[in-house]
Amino acid sequence: MYPLLFFLLITFTIWLTFVLAPILNGFLAKHVCSCIYVSGRAVEEVSKTELKISLFRLSAFTTDNHTKSVKVSFLGLFSRHAFYHPLSGCTLCKSSSIKPPSSPPIIRPEVKVKEISTMDYSSAEKQFWEQCAEPWLQTAPSDTLALIIMQGEKCVVEKYAAGIQKETPLAGWSMAKSVMNALVGIMVKQGLLQLHDILPEEVWRTKINGREQMTMHHLLQMSSGLPWSERYWWRSDVTNMLFNSEDVSHIISGKCSRLAPGTKWQYASGTTNLISKTMRIILGEDYAAFPYRELFAPLGMETALMETDASGHFVGSSYMLASARDWAKFGLLYAQDGIWRGKRILPEGWVDYTKRPAEAAPFNEYGAHFWLNLGVGQPLQNRKLPNVPSDVFYASGFGGQRVFVVPSYELVVVRLGSAHLKEPDFNALLSGVLANLDRSRGSS
């Protein structure tokens with residue numbers, strides 16, 4: 001018995017030290033840097049929410065307010081450094097001697113803030129929406145930092161945790177993928193690319209092999225056919241990409257296809273960064289300014305920030321921050337068929353294309369960089385939100401970040417927070433809101 005326990009202890013120690021520690025250090029350096037220097041949050045508040053699970057306390061981090069950087073190490077080993085720049089956010093580097101460009105070529109246009117409207121409450125309406133919001137705010141062990149519920153264009157719920165303000169930009173993690181959908185849509189609208197055109201040859205680091213027929217459509221539907229491992233607690237393609245690489249397109253752009261594009265669906269964060277690289281090739285010098293001028297400025301998303309890697313690529317898979325109000329504006333754009341305040345931002349039919357399930361997705365669970373709730377068969381099976389209407393589609397990010405669009409109820413729900421080990425039960429939370437609305441309608 002004791003030899004077995006000793007073996008298990010040694011195995012765990014090796015895994016923790018040489019496998020998990022470098023991943024944790026990279027994650028913590030980047031995330032803590034963004035929380036402090038982009039979001040403007042206090043170290044104590046970040047520690048209380050994002051870093052409260054035991055694993056995150058094994059590594060030590062130090063902040064340097066002079067250089068606006070964060071260093072994280074595990075017993076002095078596997079140090080990771082993240083540096084802040086006001087135009088490109090926080091960039092992860094493997095050593096303090098390698099820093100991102102001091103003046104990234106990003107031109108951010110002045111954004112005229114377009115505020116969302118708040119509901120003029122009666123006392124009964126206020127009590128109703130307070131009751132709808134309460135379960136979302138009590139989702140232990142998860143910490144909800146911000147919650148907004150929009151009905152039509154009216155904000156009916158707006159709640160923030162201590163230390164979070166309405167202007168505080170918060171990480172969306174993989175919700176950034178859905179923002180990349182919008183940027184591709186705008187490029188299609190402007191005639192800069194076509195969904196079914198073959199990707200530029202310059203995208204690939206190695207000689208094209210099995211990738212000759214790959215298109216932006218295949219990338220948006222996560223059906224590239226490229227091999228990819230999306231494991232977060234082990235060395236994998238995604239952890240190497242995010243926490244051990246200074247060019248997030250490097251790994252995926254060197255892959256060779258194993259399957260024909262469009263034949264298999266596989267969620268792969270590297271796919272989104274291949275989109276980002278493709279955009280950079282097509283847009284050239286306009287790449288850095290494009291999201292701000294063409295998407296964020298028209299929507300009045302003043303707090304939106306797309307962070308870059310050390311090579312200047314937007315980390316479209318994972319690194320974008322915006323306030324809850326600005327995430328709500330993004331959701332409203334899709335709820336309103338790509339139109340904002342009477343102006344068409346996304347091409348006609350783009351939202352329908354976004355909601356069309358990927359041909360290779362086995363349960364109709366994914367469209368074009370948005371998650372779907374369609375299911376298969378009758379009655380509908382295999383839905384992530386079984387008690388919620390099948391027309392729901394949403395942006396989803398690590399830690400329980402969500403922007404839900406519920407067309408049949410004219411709702412947009414934004415939830416931002418921390419939930420590293422167990423996400424809230426969004427099926428119960430969202431179905432609870434809709435059930436309350438049904439009861440309210442029935443009694444009126």
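At least one donor-acceptor pair under 3.5 Å links the side chain of S224 to the backbone N or O of L226. Panel note: side chain T263, backbone L259; no donor-acceptor pair is recorded below 3.5 Å. Without hydrogens or angle criteria, N181 side chain to H369 main chain gives no donor-acceptor distance under 3.5 Å. Side-chain atoms of S269 never come within 3.5 Å of backbone atoms of V238 as a donor-acceptor pair (strictly under, hydrogens ignored). Not a single donor-acceptor pair under 3.5 Å links the side chain of Y409 to the backbone N or O of Q151. The closest donor-acceptor contact from the side chain of Q381 to the backbone of P379 lies under 3.5 Å. Proximity of a side-chain donor or acceptor of T168 to a complementary backbone N or O of S39 within less than 3.5 Å is not detected.
Closest approach of R383 and N373 over heavy atoms only: CD-O, 2.9 Å. Nearest heavy atom pair, residue I275 against residue M216, reads CG1-SD, 3.7 Å.
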Inset, instruction - Please assess K166 against Y160 for the test side chain to side chain contact (heavy atoms under 4.5 Å, CB included), listing each intermediate value before the final yes or no. - result: CA-CA 8 Å; K166 67 179 182 180; Y160 299 99; 3.5 Å; yes
Inset, instruction - For side chain to side chain contact (heavy atoms under 4.5 Å, CB included), just list the numbers for S318 and L242, CA-CA rounded to whole Å, side-chain angles, deciding distance to a tenth of an Å, and then say yes or no. - result: CA-CA 8 Å; S318 313; L242 292 178; 3.6 Å; yes
Legend entry - Step-by-step side chain to side chain contact (heavy atoms under 4.5 Å, CB included) determination, V315 to M241: CA-CA 10 Å; V315 188; M241 177 186 74; 5.9 Å; no
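Residues passing the salt bridge (Lys or Arg N to Asp or Glu O under 4.0 Å) test with E130, sequence neighbours excluded: K159. Judged as a salt bridge (Lys or Arg N to Asp or Glu O under 4.0 Å), and not counting sequence neighbours, R415 has no contacts.
Annotation: H217 is in aromatic contact with Y353 [ring centroid separation under 6.0 Å]. Proximity of the aromatic rings of W173 and F27 is defined here by a centroid distance below 6.0 angstrom, and this criterion is met.
Inspection of the R80 and N244 side chains reveals an N or O donor paired with an N or O acceptor under 3.5 Å. A donor-acceptor contact closer than 3.5 angstrom is absent between the side chains of S34 and H31. A donor-acceptor pair shorter than 3.5 Å can be found between the side chains of N273 and S317. For the residue pair K277 / Y287, no side-chain donor-acceptor distance below 3.5 Å is found, with atom types taken as modelled. In the model, D247 has no side-chain atom that pairs as donor or acceptor with a side-chain atom of S245 under 3.5 Å. A donor-acceptor pair shorter than 3.5 Å cannot be found between the side chains of Y292 and E294. Checked by atom type, the side-chain pair K71/T63 shows no donor-acceptor distance below 3.5 Å. Under the 3.5 Å distance criterion, with hydrogens and angles disregarded, no donor-acceptor pair is assigned to the side chains of Q131 and W129.
In the displayed structure, K255 atom NZ is contacted under 6.0 Å by more than 12 heavy atoms of other residues, nucleotides or ligands. A 6.0 Å sphere centred on CD of E125 holds more than 12 heavy atoms belonging to other residues, nucleotides or ligands. More than 12 heavy atoms of other residues, nucleotides or ligands lie within 6.0 Å of CD in Q266, so this atom counts as buried by the packing criterion. Enclosure of atom CD in Q127 is not indicated, since only 12 or fewer non-hydrogen atoms of other residues, nucleotides or ligands lie within 6.0 angstrom. Other residues, nucleotides and ligands place more than 12 heavy atoms under 6.0 Å from the CD atom of E359. Remark: K264 NZ is loosely packed, at most 12 non-hydrogen atoms of other residues, nucleotides or ligands lying under 6.0 Å away.
Salt bridge annotation for D237-R231: absent, with no cationic side-chain nitrogen under 4.0 angstrom from a carboxylate oxygen. A salt bridge links R325 with E158: at least one charged nitrogen is closer than 4.0 Å to a carboxylate oxygen.
In this structure, I345 CD1 and D337 CG are separated by 12.0 Å, a value rounded to the nearest 0.5 Å.
Note on ring orientation: taking the six-membered ring where Trp is involved, the planes of W371 and W265 are perpendicular (angle over 60°, cut-offs 30° and 60°). Aromatic ring pairs are classed by plane angle as parallel below 30°, tilted from 30° to 60° and perpendicular above 60°; the pair F330 and F370 is parallel. By the 30° and 60° cut-offs, the orientation of the rings of H81 relative to F83 is parallel.
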Throw together a table of side-chain donor-acceptor distances under 3.5 angstrom for residues 391-405, partners on residues two or more places apart or in other chains.
unit_1, atom_1, unit_2, atom_2, d
D391, OD1, S408, OG, 3.4
D391, OD2, S408, N, 2.9
D391, OD2, S408, OG, 3.1
S396, OG, R402, NH1, 3.0
Q401, OE1, G417, N, 2.8
Q401, NE2, F398, O, 3.1
Q401, NE2, G399, O, 3.3
Q401, NE2, G417, O, 2.6
R402, NH1, G397, O, 3.4
R402, NH2, E423, OE1, 2.5

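Figure legend: K30 and Y319 shown as a cation-pi pair, the cationic atom lying under 6.0 angstrom from the six-membered ring centre and within 45 degrees of its axis.
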